[in-house]
Amino acid sequence: MTRTSSKAVAKLARRALAAARGKPGFGGWIDFAAWLSDDVLLVLGWFEAPEGGPIDAGLRYGGQELPVELWAFSYPRDDVQDAGPRPGKLALARLVAHHGSRGPMGPLILKHGAPVWIGPSELSDVITTLENFGQRLTTLEPDVQKGAIEFLSRVETRALSSASDPLLNRNLFLLRETIRQSLPASAIPPSGSPELAIDTLLAVGDNLFSLIGWMRAGRGAITSLTAISPVGERIDIMHRLFRMPRPDVEGPRMLPASSAAHAGFRCTLEVSAPLRERDGWAVEMRSEDDTTLQVPAPPAVRDPLTVRTAILTNLSYERFPSPKLMQSYYFPLLSRLQERLNEPVEPSDIVQYGQGPEAPEVSVVVPLYGRIDLVEHQLAQFGSDPEFQRVDLIYVLDSPDLAENLRASAGDLLDIYGVPFRVAFLPRNVGFATANNVGASLGQASLLLLCNSDVFPREPGWLSRMAEFYRSTPSIGALGPRLLFEDESIQHAGMYFRKLDEPGLWENMHYHKGLHRSTPAANVTRRVPAVTAACLMIDHELFRSVGGLRSIYIQGDYEDSDLCLRLHDAGYENWYFADAELYHLEGQSYPSPLRASAGRYNCWLHSHLWGDRIDALMNAPLHVQPRLRVPPPHPDDGAAVEIQRVELRMSDADAMAAAELELPVPGARNDLHCLGVKGWIQGRSCRAFAVEAVARGQAFRRFGARPLSGPPAGDGGSPRQLDGFEASLSTVGLPLAFDVTLRAHLQDGTWTDFAVIRGRRRTVTSLETPHRSPVLITTCGRTGSSLLVRLLAEHPAVVTWRPSEYEPRVASYWALVLGTLSEPSSYLQSLAMRRTDARWWLGNGPSPLVDVPDSSIRDLLGMGNVEALGNFCRGRVDAFYERVATLQERSQSRWFVEKCSSDYWTRAFLFELYPDAREIVLVRDFRDVICSMFAFEQRGHRGAFGRNLVASDEEFVARIGAAAGELLAAYRERAGESLLLRYEDLIRSPDEALREVLGYLGLETDPETIRRMLDLAGEAPRPDLREHMTSSSVAASIGRWRQDLDARMQEACRAAFERILPEFGYS
Amino acid sequence: MPKRKVLYVVHNHPSVRPGGAETCTLDLYRAMQQSGAFEPILLARTGPPLSRGKRSREGTLLSMAEDGDPNQYFFHTEIAEYDWLFSTSRNKKVYTKFYPEFLKTVQPDLVHFQHTLFLGYDIVTQTRNLLPSTPIVYTLHEFLPICHHNGQMVRTFSLELCTHATPRRCHECFPDISPQQFFLRRRFIQAHLAHVDLFLSPSRFLLERYVDWGIPREKIRFQEHGQPPLVSRSAASRDRAVRNRIGFFGQFSEFKGLGVLLEAVHRLAAGSSPQVSEPPQGVMDVTPGQLLDLHVWLHGANLEFQPETFRNAFSRLLDATRDHVTVVGEYDRRRLPALMENVDWVVVPSIWWENSPVVIQEAFLHGRPVICGDIGGMAEKVADGVNGLHFRAGSASSLADTLRYAVTTPGLWERLRAGISPPYGMDEAASALAGIYGGLLAARAAKPRGSG
């Protein structure tokens, strides 16, 4: 009958047999046993028993005998000699009156006739894990395995139908899967008769099922396939099958030509009325030759996690599932399962540790899954931030099995770290999205921060900065900070979407991921398509109203971008916030073998739901929109400058040994619009000779350092070489909340930062918000700025003055007057002149400390004069604008358009005068700019752009490259506040570009107005403008560099603009 | 006015098991008691693995450490509950129940942590929580907060010296621990140590490593350990024509460089015994037959705590050098003058940085020049050619050359001995510390801290 048997099994069986023979009275032997559930035991061995069951039996257990029902499957065993033909047994033993505990078990006793004792005398000796047991079964002959699967399916149907134990179902299912997957490719020869097998029936919901099996036609083609429900409902499935390869039954000789001919299939089944019975299903197959085959289906698997695992396992066999398969098979099943698995849940308990804050501003929600040890590490960091005393901190425990552990330590953690928090204990695992939603529903504050347990702040103060930004930003949806890996590289700086190779699929990408945190591009707070939910701030009510995170995705993925896209859809904008940094030790939780399948499904679902929206979002011409500046509050406490923090922070300990700052003193409040700095530095291997003050990445004052006389006493070390410095820095033009970094210049040529001064200041002007403010066109020449100014001037709310003839720069002029004369080095000249040339009053020299004996005189110079000067300069600009508006009879106009250079300080002083000024950064493909400049110069305007000042065309291109770099720096510095406009967009779709600009200026953007502006501007171009134009048609001017520039110049352009062009959206 | 109290917290008591930091602490405790500037209280952690004693009481972790001294306590913590990576007790009741009871009753005016091994860093935070305005001082002994490799800053896989810790580098040393865990380790330890008002470092080298690691320079200062005065007579120096007697004092561990020392002796005595471990390389200026006449005495203990591979290598080397090496074993400090008298040179062959080894101070106290590696705290304490000799740390051949030079150069020993100046005394140290404590207390009084 059987030729070979697994050697291992045979050997073990022989040993068992020997043991049995050695103990007379045993009529059989059990080699292995494993628990299938609390009261069902699976055994493998040999004994005499009728096929099927139940057979009466008993089990010695704790001194008494428990009744047992036994079902058996028989197979041949050639190692058992003096027994019947099929002595091998796989049997299922149900302990009828057994409840719970497991203890030492005695022998099994068969009672279908005279009692027969089955060895070993202690069954506990052969208990193994289910996994081992399954492995053991896979060593049996293939046809025995097949029989075993059938037996297990059958026995589940008949014997255990009353037991609706999910654990049992799951174990049986897994056991069958283990055996089935181990089966070698079938050697069943193709025969004339049709075949049909149903492997699995999955109950996804009460009326939704999935059927998985295989079939093969006989002599005639299969004509119909019908599922018959336990209540007799007939469902045609022939036309909803999704085929899949089944090499085990197809065999290598039968590889089908098309996938439709694969033997394997799966389909969804919907019944008209809810159905809770697990068994009784059958499938009927008819063929052309009128043969009919009916096969029973195994009982339905109901446990949702087991069902999900089965479906995902199935998905993992296909690398490129078709959209139709995803849409019509996986989506209905998995979405229904997610609903079942993530049904809303009430916490079983909520425990408050410590005194919760009254009227908290922010609720921080941290879902916990698995790694509850991270709570201690988070609290250790939150504990050093006083803000967390006022935070509504909520942990949501989504691992119910860890509840005891968390309860045991939570009180102690409060005691040690002093941070009050709540823990919501969930009765079952509900997944990332639902856990967050439950936590959010408990939040008491109007702002929410969703925060993962593996996120740790870099330093205190981040949360209030985020909250402040959130509150001051109109139309904000979600706000995400910068997240870092443990090596200071970027984990998250906002998210965008990337097209995958497979059509229609998009994946989430993180900007600048893996780059160092100092990467300039990541230093800009800006709008982004989406932010991560690992640390996401959102208005509580908004979160609730859009429905929170959706649990349609499997195991924590895409919930965040889904939320952000819904916010986007509802008219909100998502922001990346560069001014708060946290570490995110990504991937510390959630290991899962089925992650790849889940990820594939999630990606498909997300793309399916949002593909169109993402496409539009990523292809929008200006997807980085500017943020309108919110006028800063004018500090009303009187101090012109307040120092909040002074920190010695040496960026390079190899270069610098020590430093000291005597001035400014933290907490100092100053009536002067300047800042005195004084201190010393000590280089490690060489002297320092100069110090620079840097704000917003821009050095704005440089002063010398001198050796100090007489080294101060060290603590026993060698005498120090110290270099002292002192200077005063004008604060006019600095941001209202400023960070000034001091940087030493050492003799060996290195630059190293050594101190940071953080403070606040007030503006120098005290005038009301002006009626009319400037719109600055910041650009570099030949970018169509004249066209833009002319177009804008056609709007009734905008004025300008003779732009093509004169290029007024009124605001720039007065801004520089203010900047120059508010420098202490200038106004101190009125007391003691240090230079004797004609420009002495400008004070272009060192800027000493403002050390004037009488404080009222000092205040007059440093505060009174400076503020009067500020008001005066503003007044003169206002007056000019007013005069122009009167002249042009546009007294209601709100904006004056003028050009502005990208110079940092001109713009800084200008925004000091007009905090609500608008800025349009106008760019054009710089290669076309070069062409246009050459053409303009050739028309007789030699020297207009300085071509005559350089030796070669290459050098000229390099100079324009530098100017473009400055323009980029200017744009970055106010990114989010200034509007980026591309010449090409203005030319190609002027309507859209104008709508954008007018929207930015807060003006009406109806098509009528825009049409009129375009008409007026297009009407008879003035001769002077025509003179200005160097390309016969404006549209032809786009991309002209490809023709106009030779290879040499194109190479020069590549070198000059390669880095800059992509930043402005050019390829 | 009652005398102000200073609480010393340390990880072990010398009466349980000798060790450098704990001995220093007890010496300091006694000196402070003598000086009368502060009333010292000692809290010494006890429990396995250092002590064999088991906790015997319910409701307290305390017991008395020294008969007749009401101010010396044991504080029992369980090693099974100790998390070695983060250096914290998983049983948080140690911090929230038992330690507060002690601290609130004793009410010290200042707390000086000498070592927090087996106690956990949480104890610092809890001290700050319970005594918001009490200054906290923390003495750094080795690199434990920085380095998980027993605080040695030596790479696990190559025994190379390590210069700085990053999550990635630490993960390289311990591939089973993720870089993220090491990142959390550093943040966790720093969060607790942030409550310390002043760190003391007995070596400038160590100080710089901690500044690199993130302790603000203004919060750390150099403070040498004091040497207690001689308990009996100073070791005499009998006139000998040849100064060829070498002493090693310290733990019998790999990091203390015993392997290097024995290997060097083996090279000097090559030919007299079969080869061990590796064949001699590099400088071999002693040919068989021209044996150098020298002898080494090894004083120390704790070999049983060392990894088996080291124990085996050690015994192989001992076997090979048995004619030139005598293992004295564990010794009582009171016998030190006699032991010192027996030797001419003290050798400190450590392969890790060392901090401020007590043995160097003791050698100087007894007028013995020191031969040590040229790195870290050793090199800082011994001036090459003035009161001792340096060799290339970790190099057996360099040590062999140096020993040979030391033993065979006439007049060298006398010159180096004359170069030894008296070590920093415990009385001086105690009075310096009293000054530091006073300064911290005065600063606190001027700027009271509201809470935590």
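Bear in mind that the values here come from a model prediction, so they are computed numbers and not experimental data. The analysis underlying the following values was restricted to heavy atoms, covering all of them including side chains, and did not include hydrogens, waters or symmetry mates. Labels below follow one simple rule: chain letters A, B, ... track the order of the sequence lines, proteins then strands, and each chain is numbered from 1.
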So does [X] have more than 12 non-hydrogen atoms from other groups sitting under 6.0 Å from [atom1]?
X: B:Glu218; atom1: CD; result: yes
X: B:Glu101; atom1: CD; result: no
X: B:Lys97; atom1: NZ; result: no
X: A:Lys678; atom1: NZ; result: no

Review point. To the nearest 0.5 Å, what is the distance between NE2 (B:His195) and OG (A:Ser384)?
Key: 7.5 Å
Exercise for review: Give the member of B:Glu208, B:Arg217, B:Lys93, B:Arg90 that has the highest number of heavy-atom pairs under 4.5 Å with chain A.
Suggested key: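 Maximum pair count with chain A is reached by B:Lys93.
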Practice item. State, to 0.1 Å, how close B:Ala191 and A:Ala380 come at their nearest heavy-atom pair, and which atoms those are. Key: CB-O, 3.6 Å
Review point. Any chance the rings of A:His377 and B:Phe183 have centres within less than 6.0 Å?
Key: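 That pair fails the under 6.0 Å test.
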Exercise for review: Please state whether the side chain, the backbone, both or neither of A:Asp415 comes within less than 4.5 Å of a heavy atom of chain B.
Suggested key: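 For A:Asp415, the contact with chain B is made by backbone and side chain together.
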Check your understanding: Is there a side-chain contact between A:Tyr583 and B:Leu184, using heavy atoms and a 4.5 Å cut-off?
Key -> no
Check your understanding: With a 4.5 Å heavy-atom cut-off, do A:Gln381 and B:Phe188 have their side chains touching?
Key ->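 A side-chain contact is absent here, since even the closest heavy-atom pair is not under 4.5 Å.
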**Study point:** Option passing side chain to side chain contact (heavy atoms under 4.5 Å, CB included) with A:Ile416 (candidates B:Thr88, B:Ile123, B:Thr125)
**Key:**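 Only one option passes, and that is B:Thr125.
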**Study point:** Among B:Gln180, B:Arg186, B:Gln181, the one residue meeting side chain to side chain contact (heavy atoms under 4.5 Å, CB included) with A:Glu486
**Key:** B:Gln180
Review point. Considering only heavy atoms, which portion of B:Pro179 lies under 4.5 Å from any heavy atom of chain A: side chain, backbone, both, or neither?
Key: both
Point to revise | Full working for side chain to side chain contact (heavy atoms under 4.5 Å, CB included) between B:Phe86 and A:Asp373 | key: CA-CA 12 Å; B:Phe86 292 101; A:Asp373 58 312; 5.9 Å; no
